[in-house]
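Worksheet: one structure, shown below.
Residue numbers begin at 1 in each chain, while the letters A, B, ... track the order of the sequences. Keep in mind the model is a prediction, meaning the values are calculated, not measured.
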4 protein chains.
Amino acid sequence: MRLAMIGLGRMGAGISRRLMQHGHEIVGYDRSAETVQKLAEDGATAASSLEDVVARLEAPRILWVMLPAGAPTEDTIAELAGHLSPGDIIIDGGNTFYKDDIRRAKELADKQIRYVDVGTSGGVWGLERGFCMMIGGDKDTVDLLDPIFDALAPGYGTVARTPSRDTLDPRAEKGYMHAGPAGAGHFVKMVHNGIEYGLMQAYAEGFDVLKGKSSDKLNEDQRFDISLPDVAEVWRRGSVISSWLLDLCAIGLAKDHMLEGYSGHVADSGEGKWTIEAAMEEAVPANVLTAALYARYRSRVDTTFGDKLLSAMRFGFGGHVETAQ
Amino acid sequence: MRLAMIGLGRMGAGISRRLMQHGHEIVGYDRSAETVQKLAEDGATAASSLEDVVARLEAPRILWVMLPAGAPTEDTIAELAGHLSPGDIIIDGGNTFYKDDIRRAKELADKQIRYVDVGTSGGVWGLERGFCMMIGGDKDTVDLLDPIFDALAPGYGTVARTPSRDTLDPRAEKGYMHAGPAGAGHFVKMVHNGIEYGLMQAYAEGFDVLKGKSSDKLNEDQRFDISLPDVAEVWRRGSVISSWLLDLCAIGLAKDHMLEGYSGHVADSGEGKWTIEAAMEEAVPANVLTAALYARYRSRVDTTFGDKLLSAMRFGFGGHVETAQ
Amino acid sequence: MRLAMIGLGRMGAGISRRLMQHGHEIVGYDRSAETVQKLAEDGATAASSLEDVVARLEAPRILWVMLPAGAPTEDTIAELAGHLSPGDIIIDGGNTFYKDDIRRAKELADKQIRYVDVGTSGGVWGLERGFCMMIGGDKDTVDLLDPIFDALAPGYGTVARTPSRDTLDPRAEKGYMHAGPAGAGHFVKMVHNGIEYGLMQAYAEGFDVLKGKSSDKLNEDQRFDISLPDVAEVWRRGSVISSWLLDLCAIGLAKDHMLEGYSGHVADSGEGKWTIEAAMEEAVPANVLTAALYARYRSRVDTTFGDKLLSAMRFGFGGHVETAQ
Amino acid sequence: MRLAMIGLGRMGAGISRRLMQHGHEIVGYDRSAETVQKLAEDGATAASSLEDVVARLEAPRILWVMLPAGAPTEDTIAELAGHLSPGDIIIDGGNTFYKDDIRRAKELADKQIRYVDVGTSGGVWGLERGFCMMIGGDKDTVDLLDPIFDALAPGYGTVARTPSRDTLDPRAEKGYMHAGPAGAGHFVKMVHNGIEYGLMQAYAEGFDVLKGKSSDKLNEDQRFDISLPDVAEVWRRGSVISSWLLDLCAIGLAKDHMLEGYSGHVADSGEGKWTIEAAMEEAVPANVLTAALYARYRSRVDTTFGDKLLSAMRFGFGGHVETAQ
């Protein structure tokens, strides 16, 4: 199929390349002409503006927007909408908040423009491993785009088959799913990221406990000096907690045993927060996912005002002095 | 009544003075002769050794040990036991782990020495306000000691009476209770401290949210610059969350609005941890009490190893760079 | 002063009565004519419609809206705005989300109508104890309304004075504060409720640990059967954790020792959730406040889907059977 | 090598069979003669008592004890020790608390009996996939036993190699590690299980949020009805959160979409609790691991006493009625 890729950063370029490798045609556009040129060298058709992009496609046009969520995506889609015709399809492959998808799909439906949201996981490894995709949109449109998703997805690969799936949608086994109407794709991707935070924090705390066991605050006969790179490595084989994130722990620890090259000031994208908001809307207790998010907040400050208030109260009732130096 | 006070630190001296003010006689002992001398000036009988303490009492002897929990208390009680006679009473008023009380009471029972554990709350304010006491031991012994506890307790005071207590133990309304056999007093005190951590952390987080509202990371029209001393003060009157800990917040914030004089590296005594251990033995979920304890641990380190592992994983899957400077 | 009270439920009626007791005049309105009649018997002027309310006041009119947050308040204020003149003042005393205040104040400012938000704590006890008030709005308007707030507030009362407040706003010591521009009052009240959840959960978990200590799953020599009404009572006097919420625990436990008359399915108003949203916007870790909210969610379901997924995983890796009956 | 396996339950039998498949000789013993007979049919030498076991081995004897932790393991090792000679080796392959290992190794060292603890992960799948092993003991003894561990371990398998491991212990890449002195093996295994709880709870909460999105408490345009078996399946391929536990989610959900066959009353072995105790000894905040453990406690009760106390407080301050039916 022929489609436009708008935004040729790491993800947009990776997706474009994988699609071209599978025989699809890409009209590429990016604010940076140099970036466009680079992709054109690999076989893409270069476009010089959004209008140019539209002109280089035939109805029904397919346009994949791969930009940072928020204003860049919002503005681009608004501008595109002015150039498109009924039946054309906009795909938002970024990290858009799913409620924005719901709103946007309604607005575009007024102009008979079709809207599909695609949450993708796989990061920088996707070009090689394939992209895991969670898709929202109406059934006909998602079906129409199937060759694109099929090409991008990892496919069956070497992953063991799950029993009892005969009557279930075969697309999931290839690494992509139609999650529901517009917004459902990004919603599933959002929860994916919420879980990711929880998993990461579980490993982080576990390794913290392992490392703490060598502390000289413990009695000598209760102290172990455990090789953390070996622990991560050994758990990769046959253990209940093997995972791709653990693979990454093993890689990181093998290269830098004490992780001295990392600051430990951990950023968070919006998705962890949105997952908690969704949990609260549904009245679902999500202690682990929330604690994982808060650990990141806490990692970015030295001392909270709350900590100081604890010191002040302790001084008040017990004369405990925890003064600043 | 006549009793010995062993350990004349802030708490031991305060208890002694309040007892003497209520007509009881104190035989005082401390490692520091100077400290003993000071109390003697206020009317106590000075003792120069544990043996001397025992010699200055008549059977059944009453000895209140007010020392740091652990070795100091353990060793002192072991030594005392060698000098005492059947029917004598040892009171441990420190912060002993309740399982040590259970063990110790059994050991002393073999020598017919009676053991009573008293958990006290009230900190440095106790001399003035009276001490809130939770007592473990056998009924007859606790009853025998009642004049002592009655003198130390705050009494009815100005606190509003609780309805429906006519058939309940009147001692609780005076500020002391017989909680059960040996260990029960310190157990109730331990849970008291566990709750204390939770309450303190709730205020700490709330004020953190209030303070964060002035952050220039928020849009200007969503920003408030709220007087935190005024908030603490206003909540003291008529609000659902008024408490003595809030009074202390108000005092601390009025004196030092931004709490710049406090380090925010918050210590914890063992009781918070023991409360969590008890919760786990009982399979009781205690998310709030535990989170409060962990916030203190976290306040004492700049960056955890776990935080760095998060950075390492993020670098692994997304090329996110969170390197140390 | 003369002002209208719109909404004469428990809170609106209580506020009206306290104001009239302090010499203010109330024009009362409620959907229920019977309710209006009742207040009129105590001296209020009865109004039969919002238009009638407006007609019975003189410019600058003062109208206190005391209705459930959301549509009832929103619609009433919108309708009122149509009848008012520049300079008139609308007070929202309900539990409105502070971002709605910010928006609403802007909208009304276009018509030169002044908007003040008042968060009140004190519940059903306010009529007697006075209402603790957190106020948002512009300085001049809040100052103009001072006689109203002064009458409603608890006043200095018997609460001990906080040192070092000489240079601070004296209103806080009387139980009300001007927190900032429109929205700031409800924001402070919202955080108040977030803290309230945390405090309540701390007591709840502590008493759960105390009760669990009598479980026959523990070895007999580790078991205590502690009088929970007495614990709550004793902690009210001289302990670090005395508070008004603890007073309520004591009242509840004295009347119903095992709390058999309560379902334990605990509702939450929106404020706990909003506090967490604010914490996330500010990137403030709020583990305790969040855990307290989640405990309420969890109290309202028997078994979560997540619990079942744990069972399914355990069956998968270990053959552990946790099947439903 | 020739060694004894004491305890031929699922794990003991699986380990024995894998060892025999790799050319080792097993002397098998179990309380149940029938169970011994079954293994003998597969080539093991049957023993009829612990004494008989010892008689059928030559010095230095190797005895692998594979029994439930606690009394069964403790008593068996104590009895064995009476029959063994200096230089003999006891391996504890169960789920023993690592502090018991430390103590036990010291006691046995007095008799010059060597002690090795092996934590194994892999559950019922180990026979096929190999067992992931974490080993504690002195270097010479662990080296001596290497052929046994090498046979049991999964080996390199198809798992991608971790870069930068050239100078690190190659055993970890085959699926076993020497973690440190006695106790270190079970310590690492314990933390493994602590992490396992955290990972499982992260998935559980995520799927709970996905499922809650179909709740009819949400506005219709905010509701999605997402196929959970498809979500689990799609995340297995190329996503950041792929893992073996996710594979198990996919298997469970494919077979029983709503998990109606599971009770959701989730048991916990001691290791989750021990991990939290270790974290507290080290003052390491472990919010996620603890919340995961508490979720299991909570899953096993309908209503906590704490929940009821919340209801009682709410009734106290607001007249909110949450009475039991």
Side-chain angles (χ1 to χ4, degrees), chain A residues 121-122 129-132 154 157 159 162 164-165 168-169 172-173 175 177 179-180 184 187-188 191-192 194-196 198-199 201-203 205-206 208-210 212 215 224 226 229-231 233-234 236-244 250-251 254-255 278-279 282 284 286-289 291-292, chain D residues 121-122 129-132 154 157 159 162 164-165 168-169 172-173 175 177 179-180 184 187-188 191-192 194-196 198-199 201-203 205-206 208-210 212 215 224 226 229-231 233-234 236-244 250-251 254-255 278-279 282 284 286-289 291-292:
Chain A
S121 179
R129 304 203 316 171
F131 297 91
C132 172
V159 176
T162 299
S164 318
R165 282 200 55 87
L168 294 168
D169 191 331
E173 291 191 73
M177 79 177 288
F187 184 80
V188 175
V191 174
H192 166 281
I195 293 174
E196 177 189 308
L199 301 179
Q201 185 64 20
Y203 288 116
E205 291 179 8
D208 225 352
V209 173
L210 289 172
S215 162
F224 298 132
I226 299 161
D230 283 0
V231 170
E233 187 64 33
V234 80
R236 297 180 65 215
R237 285 180 175 78
S239 104
V240 168
I241 63 172
S242 61
S243 72
W244 191 55
I251 292 171
K255 217 188 303 191
E282 303 169 7
V284 162
N287 286 291
V288 158
L289 305 191
Chain D
S121 180
R129 305 202 317 170
F131 296 92
C132 172
V159 176
T162 299
S164 319
R165 281 199 57 88
L168 294 169
D169 191 332
E173 292 191 73
M177 80 178 288
F187 184 81
V188 175
V191 174
H192 166 283
I195 293 173
E196 177 190 308
L199 302 178
Q201 186 63 22
Y203 288 116
E205 290 178 9
D208 224 354
V209 172
L210 289 172
S215 162
F224 298 132
I226 299 161
D230 282 0
V231 171
E233 187 64 33
V234 81
R236 295 180 67 215
R237 284 179 177 78
S239 104
V240 168
I241 63 171
S242 61
S243 72
W244 191 55
I251 291 171
K255 218 189 303 194
E282 304 170 6
V284 163
N287 286 292
V288 159
L289 305 192

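Rounding to the nearest 0.5 Å places CD1 of Ile241(D) at 4.5 Å from CD1 of Ile195(A). The line from CG of Leu210(A) to CZ of Phe224(A) is 11.0 Å long, rounded to the nearest 0.5 Å.
Cation-pi geometry between Arg236(A) and Trp244(A) is not met: the NZ or CZ atom fails to fall both under 6.0 Å from the ring centre and inside 45° of the normal.
Chain D forms more heavy-atom pairs under 4.5 Å with one residue of Ala278(A), Ser242(A), Gly180(A), Ala279(A) than with any other, namely Ser242(A). No other option in Leu168(D), Ile251(D), Val284(D), Leu199(D) has as many heavy-atom pairs under 4.5 Å with chain A as Leu199(D). Counting heavy-atom pairs under 4.5 Å between each of Ser239(A), Ala254(A), Pro229(A) and chain D puts Ser239(A) at the top. The greatest number of non-hydrogen atom pairs below 4.5 Å with chain A, out of Gln201(D), Lys255(D), Glu196(D), Glu233(D), is found for Glu233(D). Top candidate by heavy-atom pairs under 4.5 Å with chain A, chosen from Met177(D), Glu173(D), His192(D), is His192(D). The most heavy-atom pairs under 4.5 Å with chain A, out of Leu289(D), Asp208(D), Ile226(D), come from Leu289(D). Per-residue heavy-atom pair counts under 4.5 Å with chain D were compared for Ala292(A), Gly212(A), Gly198(A), and the maximum is reached by Gly212(A). Ranked by heavy-atom pairs under 4.5 Å with chain A, the first of Gly130(D), Ala291(D), Ala286(D) is Ala286(D). Among Ser243(D), Ser215(D), Ala184(D), the residue with the largest count of heavy-atom pairs under 4.5 Å with chain A is Ala184(D).
One N or O on the side chain of Arg129(D) and one on the backbone of Gly238(A) form a donor-acceptor pair closer than 3.5 Å. In terms of modelled atom types and a separation under 3.5 Å, the side chain of Ser121(A) and the main chain of Cys132(A) share no donor-acceptor contact.
Between Ala172(A) and Arg165(A), the shortest heavy-atom contact is CB-NH2, 3.5 Å.
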